[in-house]
Amino acid sequence: MRNIRLTIEYDGGDYCGWQRQVNGLSIQQVLEEAIARITGEEVRVTGSGRTDAGVHALGQVAHFKTESILAERNLLMGVNSLLPPDIVVTDLREAPASFHARFDVISKIYCYRICNRPVRSALERRYAWFVWEPLDLGRIQTVISLFKGTHDFSSFCSTHTDSPDRVRTILDMTVHGDPGGLIVISMEADGFLRYMVRTIVGALVEVGRGKCSPEDIDRILSSRDRRMAGLTAPPQGLFLKEVKYP
């Protein structure tokens, strides 16, 4: 039995998320069906974690077990020939039998894109959150340090988050803007709760609008109360950029 590791890029706009669902088409389902056609086996693809409906990936990682003797190159080309244009396997290689795409993760990097200009973008509508009010990046920078480190992020996740443990460690967090109004917020953490990145981004936008202060952020984080944090950024601006392993 071979253990095959995949790196996958996808546009999540037309899917119900990574995980299989009974009421919608998922990335996992499309991958499993394509691999099954190539290998002639029923396979289960295990991802590094879930991405929600409308969220994209530049470097999702997954693995599956197979008895197929097809060479890595043939597997890669065969699977990609059956995938739709909005999903592609960018790398496929045999991994040690012990490799697990979810349990071996040491950190993940997500980035969130905001189109911040007076007029919306036709091209960025699927890949960025349009915010027409000018955002003060200097103000946003003043609160970045409050999120770094180990905290209970109960205030910044969905109330329906599966994990009872809401403590996570944000290892790095940056905010960059360009002259064209594109703002990119990047976060690396040892794990993320459901809607955690999008809720933090929502709070940062409120800071950039001048409607939320560093003291407010500190109070929201300490409260462990989701109702205190306000809006959740929409999914289309969120990308799973990289998954890191030992």
Side-chain angles (χ1 to χ4, degrees), residues 12-13 51-58 107-159 161 166 168-242:
T51 54
D52 292 316
V55 175
H56 317 294
L58 300 171
S107 69
K108 294 180 183 178
I109 300 174
Y110 277 91
C111 64
Y112 194 95
R113 304 170 82 251
I114 298 171
C115 179
N116 185 219
R117 65 188 203 187
V119 179
R120 62 181 172 84
S121 167
L123 301 180
E124 292 284 2
R125 72 191 186 281
R126 289 173 63 96
Y127 308 110
W129 179 16
F130 171 58
V131 178
W132 67 267
E133 298 172 79
L135 300 179
D136 186 333
L137 291 187
R139 282 182 57 86
I140 293 175
Q141 292 285 1
T142 64
V143 302
I144 291 298
S145 62
L146 298 177
F147 291 102
K148 290 182 181 180
T150 303
H151 305 282
D152 184 320
F153 284 97
S154 294
S155 297
F156 293 95
C157 69
S158 167
T159 55
T161 294
R166 309 290 174 85
R168 298 291 185 273
T169 300
I170 292 185
L171 304 167
D172 193 22
M173 189 169 172
T174 60
V175 180
H176 297 288
D178 69 18
L182 180 66
I183 297 172
V184 179
I185 299 168
S186 179
M187 299 181 208
E188 179 177 2
D190 62 355
F192 289 91
L193 300 164
R194 189 177 188 192
Y195 297 172
M196 179 173 157
V197 176
R198 291 165 55 193
T199 310
I200 290 175
V201 169
L204 294 178
V205 165
E206 292 298 276
V207 171
R209 286 168 167 160
K211 297 179 179 178
C212 192
S213 68
E215 292 75 22
D216 292 329
I217 294 296
D218 197 30
R219 185 166 55 252
I220 293 167
L221 192 57
S222 300
S223 74
R224 303 178 184 176
D225 184 348
R226 175 62 188 87
R227 294 170 297 179
M228 297 284 289
L231 58 86
T232 299
Q236 73 270 15
L238 184 58
F239 291 75
L240 174 56
K241 183 178 180 182
E242 184 180 354

CG-CE distance between L221 and M228, expressed to the nearest 0.5 angstrom: 11.0 Å

Straight-line distance of F130 CZ to R125 CZ, nearest 0.5 Å: 14.0 Å

Check for me whether the distance between the ring centres of F156 and Y195 falls short of 6.0 Å. no

Least distance between heavy atoms, T199 atom then A229 atom: CG2-CB, 4.0 Å

To the nearest 0.5 angstrom, please state how far the SG atom of C212 sits from the CD1 atom of I220. 4.5 Å

Taking atom NZ as the centre, does K148 end up with more than 12 heavy-atom neighbours from other residues, nucleotides or ligands that are less than 6.0 angstrom away? yes

Between E124 and R113, does any side-chain N to carboxylate O distance fall below 4.0 Å? yes

Are Y127 and H56 close enough that some pair of their side-chain heavy atoms sits under 4.5 Å apart? yes

Indicate yes or no: at least one non-hydrogen side-chain atom of S155 is less than 4.5 angstrom from one of R226. no

Should F153 and F192 count as side-chain neighbours, where that means a heavy-atom distance under 4.5 Å? no

Check against side chain to side chain contact (heavy atoms under 4.5 Å, CB included), L135 and I183: CA-CA 9 Å; L135 300 179; I183 297 172; 4.0 Å; yes

May I ask you to decide if W129's main-chain N or O and Q236's side chain share a donor-acceptor pair within less than 3.5 Å? no

Are R194 and D52 close enough for a salt bridge, meaning some N to O gap below 4.0 Å? yes

With a 4.0 Å cut-off, would you call D152 and R166 a salt bridge? no

Would you compute the distance between atom OG of S145 and atom CD1 of I170 and round it to the nearest 0.5 angstrom? 11.5 Å

Nearest heavy-atom pair of M187 and I200: which atoms, and what distance? CE-CG2, 3.5 Å

Side chain N116, main chain G181, donor-acceptor under 3.5 Å: no

Would you say the side-chain atoms of S186 pair up with the backbone N or O of T174, donor to acceptor, closer than 3.5 Å? no

Under the side chain to side chain contact (heavy atoms under 4.5 Å, CB included) test against I185, which residue among V205, I144, I114 passes? I114

Taking the side chain as every heavy atom from C-beta outward, state whether M196 and R168 have any pair of such atoms under 4.5 Å apart. yes

Check whether more than 12 heavy atoms from other residues, nucleotides or ligands sit under 6.0 Å from atom CZ of R126, and answer yes or no. yes

Rounded to the nearest 0.5 Å, how far apart are CD1 of I109 and CD of E242? 4.5 Å

Where the side chain of S223 meets the backbone of D225, is there a donor-acceptor pair that is under 3.5 Å apart? yes

Hey, is the main chain of S107 close enough, under 3.5 Å, to the side chain of D190 for a donor-acceptor pair? no

Over all atoms of both residues, closest heavy-atom pair of G202 and L231: CA-CD1, 3.3 Å

Which heavy atom of R139 sits nearest a heavy atom of S213, and at what distance? NH2-CA, 4.2 Å

Is the F239-Y112 ring centre distance short of 6.0 angstrom? no

Has the side chain of R209 got a donor or acceptor atom that lies under 3.5 Å from a matching backbone atom of K211? no

Closest non-hydrogen contact found for L146 with H151 is O-NE2, 3.2 Å

Over all atoms of both residues, closest heavy-atom pair of L204 and I140: O-CG1, 3.4 Å

Say whether, by atom type as modelled, one donor and one acceptor occur between the side chain of S222 and the main chain of R219 under 3.5 angstrom. no

Is the backbone of E215 close enough, under 3.5 Å, to the side chain of D218 for a donor and an acceptor to pair up by distance? no

